[in-house]
Structure formats: C-alpha cells, structure tokens
Amino acid sequence: MTDPDAEVWRHTFEPGPDFTLEVRGIVVGRIYRNDSIPAPPRWYWTITCVNQFVGMTKPSKTDSGFRHTKAEAIEALRAAWALERDWRAEMRKLTAHDDGGMSPFVAMVAWEGYERP
C-alpha cells in the first residue's frame, strides 16, 4: 500500500535547480538555488501552503530562509511542513464531526488535501 503522505519532489517550470514538494497533490513548499546573490548560503526554501486567517491560532514558525546545501534546505522545509501537518491533524480532530468551534476557513485549511473519515 502506498503512503498517502509520501513526498513527491518535482522540478518547477524554472530551469535549473528549482524544486517543489508535493504531499497529497498539494504543493507545500519549494527549494531552489539562488546564484544571483553574492555569497552563500544560496539554497532558498519556503513553505507555500501556509494560510493565515483572522482569529486563527497556528504554531509560530519560520516560513522561509537560506541554507548552504540542498540537503539542509530540504530538511528546513520538511521541519516547517511537519509543524503545519501536525497543526492540521489537531484541527481535523476538532472538526471531524462538527466545526469544533472553528471558523469554516480553519476547517477548510485543516482538511485541504485530506479525505474526511
């Protein structure tokens, strides 16, 4: 059986070392080497799936940054995605059978890319 949360790395539309990370069909982040800056670190990473809404409590985290190597950028993106994924799991627990007191927008983000039980 295939893991539904397996990572899928793809090249972006840009030429060169530029990749997106997909999970469950959603692009959750991107890494790329930026050779236009004068000195290392040159690998930029960013989590792209973070939605913020008024009244929404989410974990505090860094959403992007530079690292010296591709492997370090991948690990930074994975760490940011892990925080986001864990927050979504908690919100799904609250909204599995009702809105859990959350706004429809929070419920929508928590369930994005997931099947309801």
Side-chain angles (χ1 to χ4, degrees):
M1 179 175 238
T2 305
D3 178 7
D5 290 319
E7 294 180 354
V8 177
W9 289 92
R10 300 185 193 281
H11 280 279
T12 66
F13 55 89
E14 298 289 334
D18 192 345
F19 308 92
T20 59
L21 169 59
E22 294 180 20
V23 177
R24 293 186 179 240
I26 296 172
V27 174
V28 300
R30 180 180 176 197
I31 65 166
Y32 64 91
R33 191 177 69 218
N34 186 342
D35 290 328
S36 66
I37 59 176
R42 290 195 170 102
W43 280 93
Y44 181 74
W45 68 273
T46 184
I47 186 166
T48 58
C49 65
V50 178
N51 291 320
Q52 297 284 355
F53 299 102
V54 174
M56 187 168 157
T57 303
K58 292 191 77 169
S60 176
K61 65 180 175 299
T62 302
D63 293 336
S64 63
F66 283 93
R67 296 292 186 268
H68 288 279
T69 67
K70 179 181 176 182
E72 290 172 349
I74 288 170
E75 287 310 309
L77 176 55
R78 283 178 173 153
W81 169 240
L83 287 173
E84 177 72 13
R85 184 189 59 231
D86 292 347
W87 175 85
R88 289 180 185 205
E90 289 300 312
M91 293 301 102
R92 285 193 305 279
K93 287 179 193 173
L94 294 175
T95 62
H97 302 291
D98 59 39
D99 66 5
M102 299 290 157
S103 76
F105 293 115
V106 173
M108 176 186 70
V109 170
W111 284 98
E112 184 179 30
Y114 292 87
E115 297 296 322
R116 287 208 175 254

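Quick note: numbers below take in every heavy atom, side chains included, and nothing from hydrogens, waters or symmetry partners. This structure is a prediction, so every number in the text was calculated from the model and none was measured.
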Please round to the nearest 0.5 Å and tell me the distance separating atom CG of L77 and atom CD of E84.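 If we round to the nearest 0.5 Å, L77:CG and E84:CD are 11.5 Å apart.
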D86: partners by side-chain hydrogen bond (donor to acceptor under 3.5 Å, both in side chains), with sequence neighbours left out: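 Testing D86 for side-chain hydrogen bond (donor to acceptor under 3.5 Å, both in side chains), a comparison that skips the adjacent residues, returns none.
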Quick one: list whatever passes side-chain hydrogen bond (donor to acceptor under 3.5 Å, both in side chains) with R33, sequence neighbours left out.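 D35.
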Looking at residues at least two apart in the chain, or sitting in another chain, which of them share a side-chain contact (heavy atoms from CB on, under 4.5 Å) with E7?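 Here the qualifying residues are W9, L21, R78.
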Pairing residues for R92 by the side-chain contact (heavy atoms from CB on, under 4.5 Å) criterion, not counting sequence neighbours: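 R92 satisfies side-chain contact (heavy atoms from CB on, under 4.5 Å) with R88, A89, A110, W111, Y114 once adjacent residues are dropped.
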Side-chain donor/acceptor pairs under 3.5 Å, residues 67-74, sequence neighbours excluded:
unit_1 : atom_1 : unit_2 : atom_2 : d
T69    : OG1    : E72    : N      : 3.0
E72    : OE1    : H68    : N      : 3.0
E72    : OE1    : T69    : N      : 3.3

Got a sec, which residues hit ring-ring contact (aromatic ring centres under 6.0 Å, His included) with H11, two or more places apart in sequence or on another chain?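 ring-ring contact (aromatic ring centres under 6.0 Å, His included) list for H11, sorted by chain: F19.
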Using side chain to side chain contact (heavy atoms under 4.5 Å, CB included) as the criterion, point out the one residue from T20, D18, V27 that pairs with R10.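 Among the candidates, only T20 passes.
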For Y44, the rest of its hydrophobic cluster, which grows through side-chain links under 4.5 angstrom: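 Answer for Y44: Y32, I37, F66.
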